[in-house]
Colleague: 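Okay, here's the structure, questions in a sec.
We're numbering straight along the sequence, starting at 1. When reading the values below, keep in mind they use all heavy atoms of this one structure, side chains included, and skip hydrogens, waters and symmetry mates. Values in this document were obtained by computation on a predicted structure and should not be read as measured data.
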Amino acid sequence: MRIGQVAANAEVNVQTVRLYERLGLLKKPGRRASGYRDYTDEAVMFIRFIRQAKSLGFTLNEIKSLIDMREKGSHTIADMRRVARARLGAIDEKIRQLQAMREAIQRGLNECGCPEQFPACVFVQLFEKNEAQLVR
């Protein structure tokens with residue numbers, strides 16, 4: 001199957017297919033006599049997997065690591081769990097940051113007596129929270 005067909009079947013654009021190939025997320029396809037790339041149905045499956053993993057918050061590097069583990073067959077359940085735990089930790093940290101941002105904005109809206117249309121104290125609250133996180 002040619003690259004346009006793969007892209008259409010996987011619901012991505014051709015540039016995405018080429019990027020995934022360059023990054024090693026997809027195997028290099030064979031070439032037809034005409035020189036066109038000749039992809040298999042497996043390429044569509046991998047692209048769909050990549051899209052799903054990205055929607056769950058995995059980075060392309062993490063996805064590559066998962067694909068490499070699967071392809072090389074050298075992974076253990078512990079390896080896969082390690083990757084999942086790392087992603088879970090990153091999600092928990094993002095949730096913590098978002099909650100801190102929400103609290104700062106909510107506090108600014110509820111408690112601020114500034115006469116400004118959009119009070120500077122909200123920005124100060126957010127900045128102080130971010131500064132404290134950077135120091136840790």
Side-chain angles (χ1 to χ4, degrees):
M1 148 177 24
R2 289 176 49 183
I3 194 166
Q5 293 170 292
V6 171
N9 290 345
E11 299 176 356
V12 298
N13 63 48
V14 170
Q15 306 315 335
T16 300
V17 177
R18 288 186 178 128
L19 172 67
Y20 292 169
E21 191 179 319
R22 261 195 325 273
L23 296 175
L25 295 165
L26 290 177
K27 293 177 186 173
K28 297 273 186 204
R31 296 271 181 175
R32 295 179 179 185
S34 62
Y36 288 113
R37 293 176 176 98
D38 191 18
Y39 292 90
T40 64
D41 290 335
E42 185 179 66
V44 174
M45 180 197 70
F46 270 98
I47 294 169
R48 287 181 179 162
F49 167 76
I50 293 164
R51 287 182 57 216
Q52 180 66 29
K54 281 180 61 179
S55 76
L56 294 173
F58 286 88
T59 66
L60 289 178
N61 283 336
E62 290 168 333
I63 295 167
K64 177 152 178 25
S65 184
L66 290 170
I67 290 171
D68 287 347
M69 283 186 226
R70 180 182 184 271
E71 291 295 305
K72 293 175 184 167
S74 61
H75 68 281
T76 64
I77 291 174
D79 294 332
M80 301 296 274
R81 287 181 173 271
R82 180 182 42 74
V83 172
R85 277 193 201 99
R87 173 57 25 214
L88 191 58
I91 290 169
D92 288 342
E93 176 60 21
K94 185 67 170 181
I95 289 169
R96 190 185 64 69
Q97 291 172 355
L98 290 170
Q99 286 175 330
M101 288 174 61
R102 185 185 189 294
E103 289 169 12
I105 292 169
Q106 189 68 54
R107 190 175 310 108
L109 292 172
N110 292 342
E111 300 171 9
C112 178
C114 296
E116 301 172 40
Q117 188 172 6
F118 190 81
C121 60
V122 172
F123 286 114
V124 170
Q125 287 274 337
L126 290 171
F127 180 74
E128 287 174 356
K129 294 268 185 202
N130 285 332
E131 283 291 305
Q133 290 169 5
L134 292 174
V135 172
R136 286 186 217 178

Colleague: Checking Arg22 now: which residues fulfil side chain to side chain contact (heavy atoms under 4.5 Å, CB included) with it, not counting sequence neighbours?
Modeller: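 Checked Arg22 against side chain to side chain contact (heavy atoms under 4.5 Å, CB included); matches are Arg18, Leu19.
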Colleague: Under the rule for side-chain hydrogen bond (donor to acceptor under 3.5 Å, both in side chains), what residues qualify as partners of Thr59, not counting sequence neighbours?
Modeller: Glu62
Colleague: Report, as yes or no, whether the 6.0 Å neighbourhood of atom CG on Asp92 holds more than 12 heavy atoms from other residues, nucleotides or ligands.
Modeller: yes
Colleague: Going by the rule side-chain hydrogen bond (donor to acceptor under 3.5 Å, both in side chains), which residues pair with Lys94 if we only count those two or more places apart in sequence or in a different chain?
Modeller: none
Colleague: Write down the atom of Ile47, the atom of Ala10, and the distance for their closest heavy-atom approach.
Modeller: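 Shortest heavy-atom separation between Ile47 and Ala10 comes out as CG2-CB, 3.4 Å.
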Colleague: How long is the straight-line distance from CG of Leu88 back to CZ of Arg81, given to the nearest 0.5 Å?
Modeller: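 Separation between the atoms: 12.0 Å.
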Colleague: Identify the two heavy atoms, one from Leu56 and one from Arg87, that lie closest to each other, and give their separation to 0.1 Å.
Modeller: O-CD, 4.1 Å
Colleague: Atom CG in Leu25, atom CZ in Phe46: separation rounded to 0.5 Å?
Modeller: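 Going from CG on Leu25 over to CZ on Phe46, the span is 9.5 Å.
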Colleague: Can you name the side chain to side chain contact (heavy atoms under 4.5 Å, CB included) partners of Thr16, sequence neighbours left out?
Modeller: Val12, Asn13, Tyr20
Colleague: List, by chain and number, the other hydrophobic cluster members for Ile91, where Ile, Leu, Val, Met, Phe, Trp and Tyr join if side-chain heavy atoms come within less than 4.5 Å, directly or indirectly.
Modeller: Ile95
Colleague: Just wondering, do Val17 and Arg37 contact through their side chains at under 4.5 Å, heavy atoms?
Modeller: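 The answer is no; the side chains never approach within 4.5 Å.
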Colleague: Nearest heavy-atom pair of Gly4 and Val14: which atoms, and what distance?
Modeller: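 So the minimum-distance heavy-atom pair works out to CA-CG2, 4.1 Å.
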Colleague: Would you check if Ile50 and Ile67 make a side-chain contact, meaning some heavy-atom pair closer than 4.5 Å?
Modeller: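 Yes; the side chains approach each other to less than 4.5 Å.
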Colleague: Return the set of residues passing side chain to side chain contact (heavy atoms under 4.5 Å, CB included) with Ser34 (not counting sequence neighbours), or none when no residue passes.
Modeller: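 Once residues adjacent in sequence are excluded, the partners of Ser34 under the side chain to side chain contact (heavy atoms under 4.5 Å, CB included) criterion are Arg32, Tyr36.
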Colleague: Let me confirm one number: the CD1-CD distance from Ile3 to Glu21, rounded to the nearest 0.5 Å.
Modeller: 6.5 Å
Colleague: Could you name each residue pair satisfying salt bridge (Lys or Arg N to Asp or Glu O under 4.0 Å) that touches residues 45-59, not counting sequence neighbours?
Modeller: Glu11-Arg51
Colleague: Got a sec: does the CG of Leu98 have more than 12 other heavy atoms crowding it under 6.0 Å?
Modeller: yes
Colleague: Please report the interatomic distance CZ(Phe58) to CD(Gln52), rounded to the nearest 0.5 Å.
Modeller: 10.0 Å
Colleague: Write down the atom of Arg2, the atom of Gln5, and the distance for their closest heavy-atom approach.
Modeller: N-OE1, 2.8 Å
Colleague: Is Asp38 reaching over with its side chain to a backbone N or O of Arg31, donor-acceptor style, under 3.5 angstrom?
Modeller: no
Colleague: Between Gln99 and Glu103, is there a side-chain donor-acceptor contact under 3.5 Å, judged purely by atom types and distance?
Modeller: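 There is no such pair between these side chains.
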Colleague: Set out, in order, the CA-CA distance, both residues' side-chain angles and the distance that settles side chain to side chain contact (heavy atoms under 4.5 Å, CB included) for Val44 and Tyr39, then state yes or no.
Modeller: CA-CA 8 Å; Val44 174; Tyr39 292 90; over 6 Å; no
